[in-house]
Peer 1: 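Mind looking over this structure? Questions follow.
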Amino acid sequence: MEAATAATAAMVWFRKGLRVHDNPALDAARRGAGRLYPVFVLDPLYLRPDPAAASPGSARAGVARVRFLLESLGDLDARLRRLGSRLLLLRARDDDVADAVCAALKDWNIDKLCFESDTEPYALARDKKVTDFAMASGIEVFAPVSHTLFVPAEIINKNGGRPPLTYQSFIAIAGEPPEPVLEEYSELPPVGDTGEYELLLVPTVEELGYGDISQEEIPPFRGGETEALRRMKESLQDKEWVAKFEKPKGDPSAFLKPATTVLSPYLKFGCLSSRYFYHCIQDVYRSVRKYTKPPVSLTGQLLWRDFFYTVSFGTPNFDQMKGNKICKQIPWSENEELFVAWRDGRTGYPWIDAIMIQLRKWGWMHHLARHSVACFLTRGDLFIHWEKGRDVFDRLLIDSDWAINNGNWLWLSCSSFFYQYHRIYSPVTFGKKYDPNGNYIRHFIPVLKDMPREYIYEPWTAPLSIQKKAKCIIGKDYPKPVVDHETASKECRKRMGEAYASSRLDSNPSKVKPSNLSRRKMSHGDQDASNSSVAKLLKTSRSE
DNA sequence: TCCGGAGTTGAGTAT
DNA sequence: CATACTCAACTCCGG
């Protein structure tokens with residue numbers, strides 16, 4: 001390896017981790033570099049409007065998240081420019097991000113490539129392509145884990161090769177997270193020559209072709225590191241609130257002033273470092289006498305995030321039911337009509353529909369609101385596959401995160417982690433206890449805004465004269481309920497009971513052979529690990 | 001192998 | 001109005 005000289009060219013490739021603070025990849029790239037190339041590759045699949053999609057946005061992301069990403073990139077560029085650098089925006093080659101990075105590595109004679117490690121399956125495949133190319137070209141590669149508090153592979157190793165499957169066992173094994181990089185820079189090495197490359201400016205959503213949505217309600221969350229740090233400081237200023245924070249006690253109907261920090265989108269894109277956030281919360285804790293603890297506390301939420309990252313990293317086929325060892329096999333029903341009603345906020349249950357409309361417009365809703373609609377779609381009312389709901393959330397949430405989204409759908413559908421399927425959220429009474437007047441519903445479903453308080457959660461029970469007076473005829477201006485909650489939830493409980501009984505039969509078939517290692521019969525072959533490092537880790541797991 | 005306790009976030013009712 | 005209890009009940013884990 002050549003010694004670092006003034007001529008050394010380093011590239012920091014941004015994907016998540018769209019920040020300057022606590023960024024080990026950027027920190028490593030700048031050290032000893034004569035030229036620094038901060039790169040982000042625009043992916044048309046992520047950004048290009050898809051007219052065939054169910055709601056405004058691209059094939060991969062709703063327009064709220066597209067906007068959030070663009071704002072984050074603009075802010076990153078501005079912050080880099082303040083340090084004498086800039087963001088080099090490239091276009092993917094034939095819709096392939098990895099190819100664009102490889103080409104730039106070669107054309108700019110890069111000596112060292114740094115990027116934040118990403119444990120999601122699609123990212124692992126993309127990054128392997130780039131890493132293989134770099135290695136073959138003699139380019140040094142540095143890919144630190146800095147998206148999560150801990151290194152998922154290390155936790156799995158410490159746990160004997162298998163991911164801890166309960167929060168408490170995760171906590172017991174994790175310990176304290178590493179300290180963030182707290183050093184602040186006054187300048188970065190100059191950007192090197194980019195030759196013939198066309199460097200793009202950060203486009204606006206309008207420039208990308210989303211012009212027709214300008215009349216829409218714009219989500220109240222701006223992307224970017226600057227906004228992330230401002231928002232975090234604002235939340236942490238209220239020390240009493242931080243010290244008393246208990247996640248399950250939050251109000252899911254609060255939308256003017258949400259009951260949580262709404263820092264999840266910033267953590268998702270890495271505008272905010274989870275380690276820095278953790279560190280700052282600890283500072284607040286040190287200044288108060290008493291404070292809540294995991295799992296309900298603020299730090300507890302960051303640990304939940306790491307929990308799901310770790311389990312997802314160590315569980316083959318984590319994002320599906322089939323071939324997923326930790327997922328209950330449940331015969332979900334197919335019903336496109338009911339699914340579409342749920343997706344589009346037309347179930348006839350105002351509480352459910354308001355949440356789905358907030359999702360489509362804002363790309364964010366409170367955690368308990370997500371619980372409500374996820375339960376309704378799956379084990380509570382419609383008995384539709386959690387993977388269908390997962391896909392909707394995955395596209396529309398501005399904070400959608402592969403590990404956490406899948407983990408929570410597994411949880412809510414009682415497919416894994418949580419099994420008390422008799423506990424069903426009521427689409428009527430759950431929201432009502434927080435917001436008896438239905439202000440949340442009135443905001444997101446304007447057609448119901450004049451429905452009297454006593455009918456707002458069940459407008460189909462309002463006498464026709466009242467419906468007329470409220471200018472909202474049920475069945476015409478707003479749909480009738482697609483199912484009756486009483487009968488539907490009863491049926492769901494029954495079917496869950498049957499699925500559980502059948503899975504007990506599968507896992508304990510009245511002792512076959514003690515040497516038989518297979519715990520559960522799989523109709524779809526074996527669980528070939530989607531990434532080999534996990535497969536190796538799993539092989540070391542002890543047998544009993 | 002069996003038993004008891006724990007598990008971030010249910011609903012309904014009583015105090 | 002916040003808290004506590006009941007209801008009916010799941011799996012997982014550790015002893």
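Just so we're on the same page: letters track the sequence lines, and every chain starts at 1.
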Peer 1: Please compare A/Leu165 and A/Tyr421 by the position of their nearest nucleotide in DNA chain C and report the one closer to 5'.
Peer 2: A/Tyr421

Peer 1: Please confirm whether A/Phe430 and A/Tyr457 have ring centers closer than 6.0 angstrom.
Peer 2: no

Peer 1: I'd like to know if the side chain of A/Ser312 reaches the main chain of A/Phe318, judged simply by a donor and an acceptor atom lying under 3.5 Å from each other, with no hydrogens or angles considered.
Peer 2: no

Peer 1: Using the six-membered ring wherever Trp is involved, compare the ring planes of A/His443 and A/Phe255 and label them parallel, tilted or perpendicular (cut-offs 30° and 60°).
Peer 2: tilted

Peer 1: What is the distance, rounded to the nearest whole Å, between atom CG of A/Asp251 and atom C1' of C/dC1?
Peer 2: 15 Å

Peer 1: Is A/Arg504 near enough to C/dT11 that one of its side-chain N or O atoms lies under 4.0 angstrom from OP1 or OP2?
Peer 2: yes

Peer 1: Which residues pass the side chain to side chain contact (heavy atoms under 4.5 Å, CB included) test with A/Arg453, not counting sequence neighbours?
Peer 2: A/Pro436, A/Asn437, A/Arg442

Peer 1: Would you give a per-nucleotide map of nucleotides 5-15 of chain B, 5' to 3', where B means the base has a protein non-hydrogen atom under 4.0 Å away, S means only the sugar-phosphate does, and - means neither?
Peer 2: --BBBBSS---

Peer 1: Give a yes or no on whether a salt bridge exists between A/Arg286 and A/Asp283, defined as a side-chain N under 4.0 angstrom from a carboxylate O.
Peer 2: yes

Peer 1: Mind jotting down which residue pairs meet the side chain to side chain donor-acceptor pair (under 3.5 Å) criterion with at least one end in residues 168-180 of chain A? Sequence neighbours excluded, please.
Peer 2: A/Thr166-A/Ser169, A/Glu179-A/His279

Peer 1: Taking B/dA6 as the reference, what is the distance to C/dA9 when you measure between their C1' atoms (whole Å, please)?
Peer 2: 14 Å

Peer 1: Are any of the side-chain heavy atoms of A/Tyr291 and A/Ser297 separated by less than 4.5 Å?
Peer 2: no

Peer 1: When the P atoms of C/dC1 and B/dG10 are compared, how many Å lie between them, rounded to an integer?
Peer 2: 22 Å

Peer 1: Could you tell me how far B/dA14 sits from C/dA8 if I compare only their P atoms? Round to whole Å.
Peer 2: 15 Å

Peer 1: If we take the C1' atom in both B/dT1 and C/dG14, what is their distance in whole Å?
Peer 2: 13 Å

Peer 1: How is the base pairing of DNA chain C summarised as a dot-bracket string, given the Watson-Crick and G-U wobble criteria with both distances under 3.5 Å, [ ] for crossing and | for another strand?
Peer 2: .||||||..||||||

Peer 1: Suppose we screen for ring-ring contact (aromatic ring centres under 6.0 Å, His included). Which residues come up paired with A/Phe339, at least two apart in sequence or across chains?
Peer 2: none

Peer 1: NZ of A/Lys490 versus P of C/dA9: gap in Å, rounded?
Peer 2: 13 Å

Peer 1: What residues form a side-chain hydrogen bond (donor to acceptor under 3.5 Å, both in side chains) with A/Ser117, not counting sequence neighbours?
Peer 2: none

Peer 1: Report the distance from atom CD of A/Glu498 to atom C1' of C/dC10, rounded to the nearest whole Å.
Peer 2: 16 Å

Peer 1: Find the distance A/Tyr500:OH to C/dA9:C1' and express it as a whole number of Å.
Peer 2: 11 Å

